[in-house]
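Each remark here refers to the structure printed beneath this line.
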Amino acid sequence: MRVIEPGCGTGRLTELLAQRVGPTGLVVAFNISSAMTAACAQRVKRLPQADVYCASAEEFPFPSQAFDLAICHQVFPHFDDKRRAVANLAAALKPTGRFVIFHFIGSDAINDFHRKADPSVLHDMMPSEGVVRELLGSVGLEVLSFSDDEDGYMLTASFAETSRLRYQAR
Ligand SMILES: C[S@@+](CC[C@H](N)C(=O)[O-])C[C@H]1O[C@@H](n2cnc3c(N)ncnc32)[C@H](O)[C@@H]1O
């Protein structure tokens, strides 16, 4: 399995993903901050299936249609240009690929936290469900599951055309 992890931070999830995909898989983890990238690279240095880069989700030069999963773990509100980030990540997914947005807290708590935290994240808001659906839909991604409450935020999506073909084949 080939996985993209934007905004990998210090690599807590990167390490788990790399262990899960195993030596035949690939995790491409990246972060806009060079300090975070270095910390992540250090954490996964014994896992050759994890490649770590300093780059943004909006601009990372992915090969097209090469990945099975893009997992945005606690990073989606931080994308400065969400439409561009979604388009870039989606173009890197295979037609059967999955797109995931995941947080340990719900969007109300995320946005409240960012409003009260450092001014650098003051405007880093999780958009409404409708806006996220529209952003994903604009690149052909259809939401498969969505939950957003005090237990966390979890959205999974796949390409609408692939979902339709799978349904017809049943
Ligand atoms: C809240 S931290 C989460 C880190 C990690 N995913 C975790 O859960 O431990 C968000 C990270 O995303 C990075 N980031 C912000 N905007 C980004 C972008 N456009 N592309 C890639 N990384 C970005 C930040 O530098 C920060 O390290």
Side-chain angles (χ1 to χ4, degrees), residues 1-107 110 121 124 126-127 132 135-136 138-148 151-163 166:
M1 192 174 211
R2 294 160 67 93
V3 181
I4 305 168
E5 188 201 359
C8 56
T10 61
R12 295 179 302 174
L13 181 61
T14 318
E15 185 175 27
L16 297 174
L17 290 171
Q19 287 165 349
R20 180 58 73 95
V21 301
T24 59
L26 173 67
V27 179
V28 170
F30 55 94
N31 205 97
I32 206 163
S33 143
S34 56
M36 292 289 174
T37 305
C40 180
Q42 173 68 19
R43 191 192 291 262
V44 297
K45 66 183 179 195
R46 289 190 186 81
L47 295 165
Q49 64 270 36
D51 286 344
V52 185
Y53 301 92
C54 185
S56 76
E58 290 88 339
E59 292 185 350
F60 193 102
F62 297 111
S64 70
Q65 299 194 356
F67 292 87
D68 301 286
L69 172 67
I71 181 159
C72 301
H73 180 237
Q74 313 207 130
V75 66
F76 197 84
H78 300 295
F79 294 151
D80 284 336
D81 186 339
K82 293 178 179 57
R83 191 169 296 279
R84 196 159 156 223
V86 165
N88 195 31
L89 293 166
L93 288 175
K94 296 174 186 174
T96 52
R98 289 282 167 108
F99 189 100
V100 171
I101 304 174
F102 173 52
H103 291 254
F104 291 122
I105 55 177
S107 63
I110 294 166
V121 295
D124 293 6
M126 177 61 85
V132 175
L135 279 172
L136 298 177
S138 72
V139 292
L141 285 166
E142 183 177 72
V143 174
L144 300 173
S145 68
F146 178 80
S147 61
D148 178 16
D151 290 331
Y153 185 104
M154 179 75 172
L155 178 151
T156 66
S158 70
F159 289 104
E161 181 65 5
T162 307
S163 307
R166 276 211 191 110

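Just so it is clear, the values below take in all heavy atoms, side chains as well, and ignore hydrogens, waters and symmetry mates.
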As an exercise, state the distance from [atom1] of [X] to [atom2] of [Y], rounded to the nearest 0.5 Å.
{"X": "Ser158", "Y": "Glu142", "atom1": "OG", "atom2": "CD", "answer": "6.5 Å"}
{"X": "Leu13", "Y": "Gln74", "atom1": "CG", "atom2": "CD", "answer": "9.0 Å"}
{"X": "Ser56", "Y": "Asp81", "atom1": "OG", "atom2": "CG", "answer": "9.5 Å"}
{"X": "Thr156", "Y": "Leu144", "atom1": "OG1", "atom2": "CG", "answer": "4.5 Å"}
{"X": "Leu89", "Y": "Lys82", "atom1": "CG", "atom2": "NZ", "answer": "12.5 Å"}
{"X": "Ser145", "Y": "Met154", "atom1": "OG", "atom2": "CE", "answer": "6.0 Å"}

**OP:** Please test Val86 against Leu136 for side chain to side chain contact (heavy atoms under 4.5 Å, CB included), starting from the C-alpha separation and ending with a verdict.
**Re:** CA-CA 7 Å; Val86 165; Leu136 298 177; 3.9 Å; yes
So, does [X] use its side chain to make a donor-acceptor pair with the main chain of [Y] at under 3.5 Å?
{"X": "Asn88", "Y": "Phe60", "value": "yes"}
{"X": "Gln65", "Y": "Leu93", "value": "no"}
{"X": "Gln49", "Y": "Ala18", "value": "yes"}
{"X": "Glu58", "Y": "Asp80", "value": "yes"}

**OP:** Would you please indicate yes or no on a ring centroid separation below 6.0 angstrom for Phe67 and Phe99?
**Re:** no
**OP:** Please find out if less than 6.0 Å separates the ring center of Tyr153 from that of Phe104.
**Re:** no
Looking at side-chain heavy atoms only, is the closest gap between [X] and [Y] below 4.5 Å?
{"X": "Val3", "Y": "Val28", "value": "no"}
{"X": "Phe76", "Y": "Met126", "value": "yes"}
{"X": "Val100", "Y": "Leu155", "value": "no"}
{"X": "Leu26", "Y": "Asp51", "value": "yes"}
{"X": "Ser107", "Y": "Asp148", "value": "yes"}
{"X": "Phe79", "Y": "Cys72", "value": "yes"}
{"X": "Val21", "Y": "Val27", "value": "yes"}
{"X": "His73", "Y": "His103", "value": "no"}

Looking at every heavy atom in both [X] and [Y], which two are closest together, and how far apart are they?
{"X": "Ser138", "Y": "Arg83", "value": "OG-NH1, 3.5 Å"}
{"X": "Ala90", "Y": "Val139", "value": "CB-CG2, 3.7 Å"}
{"X": "Pro6", "Y": "Ile71", "value": "CD-O, 3.3 Å"}
{"X": "Phe30", "Y": "Ala55", "value": "CD1-O, 3.5 Å"}

**OP:** Decide, yes or no, whether a salt bridge links Asp68 with Arg98 under the criterion of side-chain N to carboxylate O below 4.0 Å.
**Re:** no
Original post:
Charged N to carboxylate O below 4.0 Å: is that the case for Arg84 and Glu59?
Top reply: yes
Original post:
Any luck finding a side-chain donor-acceptor pair between Thr14 and Arg43 under 3.5 Å?
Top reply: no
Subject >> Any donor-acceptor N or O pair under 3.5 Å, side chains Thr37, Asn31 >> reply: no
**OP:** Verify side chain to side chain contact (heavy atoms under 4.5 Å, CB included) between Val52 and Val44, making sure each step is shown before the conclusion.
**Re:** CA-CA 9 Å; Val52 185; Val44 297; 3.7 Å; yes
Original post:
Is there a side chain to side chain contact (heavy atoms under 4.5 Å, CB included) between Leu141 and Phe159 once you walk through the steps?
Top reply: CA-CA 4 Å; Leu141 285 166; Phe159 289 104; 3.7 Å; yes
Original post:
Going through the checks in order, is the side chain to side chain contact (heavy atoms under 4.5 Å, CB included) test met by Cys8 and Met36?
Top reply: CA-CA 8 Å; Cys8 56; Met36 292 289 174; over 6 Å; no
